[in-house]
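Reading through the structure tokens given below for one structure.
These numbers come from a predicted model, not from an experiment. Order of listing sets the numbers, starting from 1, for every ligand and every atom in it.
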Amino acid sequence: MLKTVLCDSLGIKYPLIQGAMAPYTTVKLATAVSNAGGLGTLTTAGFTFQKMGLLKEKIDHKEGLRAIIREITDSTISGAAFAVNIPTLKHAIPLARDYLDVVKEELESNPKTRRKLKAIVTSAGDPAVLIKSIKDVGLLCMHIVPTIQHAKTAQRAGVDFIIASGTEGGGVVSYEYPITTLVLVRGVVKAVKTPVIAAGGFCDGAGLVAALALGAVGIQMGTRFIATEECEFHRDYKERILKASEKDTLITIMPYGPCRQLKTEFSLKLQELMSKGVDASNYAWEGVRNTIEGNMENGFVAAGQVAGLIDEILPVKVLVERIVQEAEEIIKNLNSKL
Ligand SMILES: Cc1cc2nc3c(=O)[nH]c(=O)nc-3n(C[C@H](O)[C@H](O)[C@H](O)COP(=O)(O)O)c2cc1C
């Protein structure tokens with residue numbers, strides 16, 4: 001049985017995390033991943049975008065988070081575990097505090113939530129601003145980093161797990177320091193004592209074994225989980241991932257940071273506007289709105305290079321069990337190759 005310290009700390013069966021994926025709440029996907037024995041993660045960034053008036057929907061950000069915490073609490077089996085992602089970008093700190101207030105209220109009012117909600121995943125900023133409040137409510141803090149230097153800072157802040165996320169991953173990546181997962185994970189494992197989770201480019205059992213060999217205690221996946229039956233993303237979004245090759249992504253600046261996404265008419269034009277030094281924030285938000293409405297060609301279709309390795313939409317449980325079985329098989333057969 002493939003068990004690591006990640007499983008013990010979170011009470012999960014498999015060392016697999018579903019990464020948060022804005023602008024969707026990912027509540028359906030997170031529920032399926034948690035029920036399958038991994039850690040599902042709820043995404044708050046979409047509520048933040050709404051609060052900023054950037055999307056058409058106008059759900060109050062606190063009530064939005066409260067509703068999805070209640071939904072996943074009620075729709076997961078006993079023993080399931082989930083996390084909430086809270087971005088800690090400087091300008092979003094007041095909202096991050098609001099989200100944590102909601103988490104605290106829900107933990108205090110519902111014993112089932114107290115048993116299932118295990119961690120806050122902080123990203124895109126400094127975890128130090130939230131760490132004390134996270135510990136005060138009795139949760140673990142997992143922080144996402146793009147470089148070894150950021151990992152050292154996160155360790156100093158006292159986070160419980162570091163998610164080392166390489167440049168090949170989907171969504172927000174570092175533009176300045178595009179470090180590959182292979183180099184980043186190994187470097188972070190050597191540089192810190194905090195347990196490390198590998199992210200960026202994973203989709204199968206071979207990837208999981210590779211991450212464990214590098215010294216990580218588990219993997220986080222985003223793009224692979226989009227191509228599942230339960231994921232709430234638009235059908236055309238999933239189809240584009242199936243059709244993409246490893247060469248079909250690019251990085252552009254989005255208003256909330258540089259993002260890896262699929263090549264579409266939208267992303268190619270955004271890249272062109274960027275190269276001309278034009279402020280394209282409004283155009284970028286239009287791309288996010290188009291995606292939500294199902295217009296992928298003119299939309300922001302965040303995905304990682306691993307899209308090139310994904311060729312089928314699977315139920316989450318089948319995917320999770322396949323990854324674990326494949327990893328166990330590879331480990332068992334490794335000696336015969338030497
Ligand atoms: C569509 C999409 C949206 C994302 N949004 C977020 C987010 O809101 N917060 C976050 O911490 N990471 C976000 N990420 C990063 C993922 O959580 C995960 O770390 C990343 O996808 C891992 O790389 P992979 O796509 O190669 O598996 C996003 C990724 C994708 C593909």
* Which word best sums up how the rings of Tyr99 and Phe47 line up, parallel for under 30°, tilted for 30 to 60°, or perpendicular for over 60°? ->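 Because their plane-to-plane angle lies in the 30° to 60° range, the rings of Tyr99 and Phe47 count as tilted.
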Enumerate the atoms of ligand 1 whose separation from the nearest heavy atom of [X] is less than 4.0 angstrom.
{"X": "Met221", "value": "27 (O)"}
{"X": "Gly200", "value": "22 (C), 23 (O), 26 (O)"}
{"X": "Ile144", "value": "11 (O)"}
{"X": "Val306", "value": "26 (O)"}

* Asked: Can a donor-acceptor pair be found between the side chains of Ser123 and Asn85 at a distance below 3.5 Å?
  ->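 The criterion, which ignores hydrogens and geometry beyond distance, is satisfied for Asn85 and Ser123.
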* Asked: Any luck finding a side-chain donor-acceptor pair between Thr252 and Ser267 under 3.5 Å?
  ->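 Distance-only check fails for Thr252 and Ser267.
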Under 3.5 Å between some N or O of ligand 1 and some N or O of [X]?
{"X": "Gly201", "result": "yes"}
{"X": "Asn85", "result": "yes"}
{"X": "Ala302", "result": "no"}
{"X": "Thr43", "result": "no"}
{"X": "Glu168", "result": "no"}
{"X": "Gly222", "result": "yes"}
{"X": "Arg224", "result": "no"}
{"X": "Gly170", "result": "yes"}

* State, with a plain yes or no, whether a side-chain heavy atom of Thr76 is found less than 4.5 Å away from one of Thr73. =>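 No, too far: nothing below the 4.5 Å cut-off.
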* Asked: Hey, is Tyr237 touching ligand 1 through its side chain, its backbone, both or neither, going by heavy atoms under 4.0 Å?
  ->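 For Tyr237, the contact with ligand 1 is made by the side chain alone.
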Please report which non-hydrogen protein atom sits nearest to [atom], along with the residue it belongs to and the distance in Å to one decimal place.
{"atom": "atom 11 (O) of ligand 1", "answer": "Ser123 OG, 3.1 Å"}
{"atom": "atom 5 (N) of ligand 1", "answer": "Ala22 N, 3.1 Å"}
{"atom": "atom 18 (C) of ligand 1", "answer": "Gln220 NE2, 3.6 Å"}
{"atom": "atom 30 (C) of ligand 1", "answer": "Met21 CG, 3.6 Å"}
{"atom": "atom 25 (O) of ligand 1", "answer": "Thr223 OG1, 2.5 Å"}

* Working for side chain to side chain contact (heavy atoms under 4.5 Å, CB included), residues Phe266 and Val301 -> CA-CA 9 Å; Phe266 162 78; Val301 186; over 6 Å; no
* **Within 6.0 Å of CG in Asn282, more than 12 heavy atoms from elsewhere** =>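 Incorrect, the count does not exceed 12.
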* Asked: Taking atom NZ of Lys90 as the centre, does the number of heavy atoms from other residues, nucleotides or ligands within less than 6.0 Å exceed 12?
  ->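 No, because the 6.0 Å sphere around NZ of Lys90 holds 12 heavy atoms or fewer from other groups.
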Would you check if the side chain of [X] reaches a backbone N or O of [Y] as a donor-acceptor pair within less than 3.5 Å?
{"X": "Thr291", "Y": "Phe300", "result": "yes"}
{"X": "His143", "Y": "Gly125", "result": "yes"}
{"X": "Lys132", "Y": "Val129", "result": "no"}
{"X": "Gln50", "Y": "Ile59", "result": "yes"}
{"X": "Gln220", "Y": "Ile197", "result": "no"}

* Asked: Can you tell me if Val172 has a non-hydrogen atom under 4.0 Å from ligand 1?
  ->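 Judged by the 4.0 Å heavy-atom criterion, Val172 does not count as contacting ligand 1.
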* Nearest neighbour of atom 13 (C) of ligand 1 from the list Gly166, Gly171, Ala20, on a heavy-atom basis ->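 Looking at heavy atoms only, Ala20 sits closest to atom 13 (C) of ligand 1.
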